[in-house]
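Here is the structure we will look at.
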Amino acid sequence: MKRSFLFMALLSITALVSAQTMKVQSAYSDMKNGRLLNAKQNIDDAMKDDKTSKEAKTWNYAGVIYTQIVQAMEDENTDKKTKKELKKISESKEQLCDSGLEFLKKCLTIDKEHEYTSSSIEAMKVLCVYAYTYAIADYNNQKYESAQAKFHSVAENATVAQHNNLVLDAKYYEADCYRVLKQPEKEMALYRELAKMNTKHGDVYMKIYADNMAAKDTTKAINALKKGIRLTAKDTTMNISLKSALAQTYIWSNKTEEANKIIDSLLVGNESNVVALNSVAKIYVDLSQIKQAEDLFNKSISVNPNQTDAYRGMGILNYNQAVTENELADKLPPDPAYDEEYNAHKKASFEFFEKSIPFYNKVLEKDPNDFESLKALKTVYAQLSSRSDSDAETKQAYRLKYTEVSEKLNTLIQ
């Protein structure tokens, strides 16, 4: 009796093992024939079994099946019958995506013979792309804490899947989440990591440059810009911005010759590129080469009259000259012998303030809430309303303008 009982017990164990093995094969067959719900049910059972859960094949099939389910849920062209079946699945497509990634990673861990490595990595790449879109959705909906965690997971999984471009993109947006969440140390750590990985996101190098400048490390700041320039050759606008920043840094470092070389390179072949023209014009402003700056801003406006950068640049140029003339007047001794010189500087200051108005108004035509333009005009109108040689009507008109701009600024601040 005892022998017979033992024999029957062994038969039961063998049958159970065979049944679970059959579930793996059935799951694969169901997957190949588009029976995704059945495939999921069979592979879910197989993953719980002591024997089949130790096999790389089980986790590979599980990951691939879950990948196909996510794809079917996301695909608008999935047939109605399949969609109806998939509605019976309780997990969301995002949960299925996360589970699929975990299954595939488990397969890679236990697949000592690397029999399923290739297919697991390819499936992971697919799921990583979907996981990235779910992270982006949270980011666009301003759910930055959730998005940060998801981007972090995407970067880790995409690293395993050797999807390098996705790693860079995920880390880039994770860093921006840290920016919004006001965690600058984590933000900058990721930017520096991205730079080491040769990201082509040019603003990463600009941020590292700014951080190094704030730390008064001009050498590292310059090196960040140089690397960014090398890696953004195909992004013309960003490349110009990086070169402009480098030229300005050379100017501040009294390396005029190096700055001039960059200026020349920016202008060659960019005669009709308003970004290049405006950038070099701003450099000329830093060099106090007013005529050259004006010429380039005006040329930029002739190329594209519907922009704002050149108008803003001309407004700032005239505003700065007005401030300079005002400062020169204020520095003169309170002596009648200097009255003529004082009056000349004050007159020039008022004239430059007046010249800035139409340029700032052009900016406001395109962007009525441009804060910097409104702030500048507030000062301009305050100065012109106090001009002693203006008639009462003109002064009153400027006072009204001052009040109007002040109210607009107060509204924006609130």
Taking the side chain as C-beta and beyond, is there a heavy-atom pair between [X] and [Y] under 4.5 Å?
X	Y	result
Ile110	Glu55	no
Leu296	Ser300	no
Ser356	Met314	no
His345	Leu332	yes
Gln162	Met124	no
Thr411	Asn369	no
Phe103	Leu127	no
Ile316	Phe297	no

With distance as the sole test, does [X] use its side chain to make a donor-acceptor pair with the main-chain N or O of [Y] at under 3.5 Å?
X	Y	value
Thr58	Lys54	no
Asn42	Asn38	yes
Trp59	Ser53	yes
Asp79	Thr82	yes
Lys408	Pro368	yes
Tyr311	Pro305	yes
Ser349	Ala322	yes
Thr394	Ser390	no
Ser288	Tyr284	no
Tyr205	Thr199	yes

Which of parallel (below 30°), tilted (30 to 60°) and perpendicular (above 60°) describes His201 and Tyr172?
->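 Ring orientation of His201 relative to Tyr172: parallel.
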Measure the acute angle between the ring planes of Tyr173 and Phe151, then classify it against the limits of 30° and 60° as parallel, tilted or perpendicular.
->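 Plane angle under 30°, so parallel.
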Can you tell whether the side chains of [X] and [Y] come within less than 4.0 Å, N to carboxylate O?
X	Y	value
Glu325	Lys346	no
Glu351	Lys347	yes
Lys40	Glu91	yes
Glu122	Lys125	yes
Asp211	Lys220	no
Glu174	Lys171	no
Lys150	Asp138	yes
Lys261	Glu258	no
Lys282	Asp286	no

Given side chain to side chain contact (heavy atoms under 4.5 Å, CB included), test Tyr28 with Val24 step by step and report yes or no.
-> CA-CA 6 Å; Tyr28 181 78; Val24 175; 5.9 Å; no
Does [atom1] belonging to [X] count more than 12 external heavy atoms closer than 6.0 Å?
X	atom1	answer
Gln183	CD	yes
Glu340	CD	no
Lys395	NZ	yes
Lys362	NZ	no
Tyr402	OH	no

Do [X] and [Y] get their side chains close enough for a donor-acceptor pair, meaning under 3.5 Å?
X	Y	result
Tyr178	Gln148	yes
Tyr209	Thr249	yes
Asp176	Tyr139	yes
Asp367	Thr308	no
Thr52	Asp49	yes
Asn278	Gln307	yes
Asp44	Tyr66	yes
Asn239	Lys234	no

Show the nearest heavy-atom pair for residues [X] and [Y], with the distance to one decimal.
X	Y	result
Tyr116	Asp111	N-OD2, 2.6 Å
Val303	Ser272	CG1-O, 3.5 Å
Leu364	Ser373	CD2-CB, 4.1 Å
Tyr132	Val154	N-CG2, 3.8 Å
Arg399	Ser385	CG-CB, 3.7 Å

Could you check [options] and say which one makes a side-chain contact (heavy atoms from CB on, under 4.5 Å) with [X]?
X	options	result
Val70	Leu86, Asp75, Leu96, Ile65	Leu96
Tyr130	Gln71, Lys93, Glu94	Gln71
Val363	Asp370, Leu374, Asp309	Asp370

Would Asp389 and Arg387 satisfy side chain to side chain contact (heavy atoms under 4.5 Å, CB included), going step by step from the backbone distance to the final call?
-> CA-CA 6 Å; Asp389 59 349; Arg387 186 171 181 175; 2.7 Å; yes
